Amino acid sequence: MNSLNRTHDPGARSWVAAANEPLCDFPIQNLPYGVFRTSSQEPFHAGVAIGDSVLDLGRLHASGLLDGLALQAASACLDATLNRFMAMGAPAWQALRHAAFDLLNANAAPETVDAARKCLVLQTAVEHAVPVAIGDYTDYFTSIHHAINGGLLLDPAYKLARAFQWLPMAYHGRASSIGMTGHQFPRPHGQVLDETTGTPVYRPTRRLDFELELGVFVGRENALGEPVGITEAEDSVFGICLLNDWSARDIQAWEMTPLGPFQAKNFASTLSPWIVTLEALAPFRSAVERVLDGPAVLPYLDSPANRERGAFDIRLKVSVETAAMRASGSDPRVLCTTNFAHQYWTVAQMLTHHTAGGCNLRVGDLLGTGTISDPQPENAGSLIELSQAGRKPLDLGNGEERSFVEDGDKIILQGWCERGDFRRIGFGSNFATVTPARQI
Ligand code: MN
């Protein structure tokens, strides 16, 4: 696990004024990585978020302001994805972070500031792309609150699977349909059981849902046949972003026994543009919560560090902006707020269990944490839980109700960390809009 260092100093300030605003997601203590361009003529390349701006790592590489390992790291950041930079490993991630911290620091020399300022572009002027070439995507199921509440809504006879408290459950998902924040996708068609006739039909989903998740990017590969132990698991993690694992509940209910979700989950997933590194998250670690009496964890998934600091204190919020809200200029309506610290299994346990049979993870693989639902059911991380499968539609306060996602709805995920005297850092925002189903 990362230890605290000068880049976490809550007193550090940047000469980028917006970075010092108390509610800014991107103060100098954060420095997340993303991929962007400022015009369609420019190739996508990497940058670092600072305040209301992006530190362009392409310009920084050419500026003469870097040397040593930080310069080599910035060279890898000229690519259209972060994979080559990620594959350089934790020393390179740290070298570039610390170099950016020094260049953006309010105490930097005036000539440094003048040169570094030429490497900034405004965030409002950039277009983002999915920042990583994602090889494999594995989606977990690690919130006990989501497992119990969501399971009961899909099937009244549902019982928490016996294995849930023994291992972090997951299915192998689909990487090709993962999109970047801001994208739009049509309501998917699928095979569902018609409630009135009791026979399957092929039609657009009527139960489109979001899932509030975090996306964990693997930054180090392990060889096939060589599991990653729990004490080294976090060395394989590059960073974390916000993930919306869109789900079609009517398709899911019909198809998922006995092999798990398929069409219900493979039509779209949405990532936020910035990946927050584990080093930036070091001040926000917390002890694992275990809310139900359950078995002790098997030794390969247990360590004192994981028990004491394995969880992440990441606050999360989901909002909806309906087409009517957009037309009237009203603010999005908050649907839930929760915290990733409530999750039953940790990131390290997910990663260790993934490799426990010898499965090789590769640089750029994505692990979804599973829906993050609060202990309070009114703060669940999906609409099927919030609306009790449509039995209690949510009153949006503007004359509209929602049981599931409607055409034109924009679903917005936000996340941030704040604790004690440490500087608040944020994940930015993850949003996507659903458009009407295609005519088939
Ligand atoms: Mn999911």
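Only heavy atoms go into these numbers, but all of them, side chains included; no hydrogens, no water, no symmetry mates. What you see is a predicted model; the values in this text were computed from it and never measured. For ligands, and for the atoms within them, numbers begin at 1 and follow the listed sequence.
A ring pair (Phe, Tyr, Trp, His ring centres under 6.0 Å) check over residues 398-440, counting only residues at least two apart or in different chains, returns nothing.
Listed by chain and residue number, the protein N/O/S atoms under 2.8 Å of the Mn ion (ligand 1) are Asp139 OD2, Glu211 OE1, Glu213 OE2, Asp245 OD2, with waters left out.
Residues satisfying the ring pair (Phe, Tyr, Trp, His ring centres under 6.0 Å) test with Phe36, not counting sequence neighbours, are His45. Contacts of Ser373 classified as side chain to side chain donor-acceptor pair (under 3.5 Å), with partners at least two apart in sequence or in another chain: Glu385.
Ionic pairing of Glu234 and Arg309 is not present here: no N-O contact between side-chain nitrogen and carboxylate oxygen is shorter than 4.0 angstrom.
In terms of modelled atom types and a separation under 3.5 Å, the side chain of Arg402 and the main chain of Leu394 share no donor-acceptor contact.
Taking CG from Leu4 and CD from Glu279, the interatomic distance works out to 9.5 Å, rounded to the nearest 0.5 Å.
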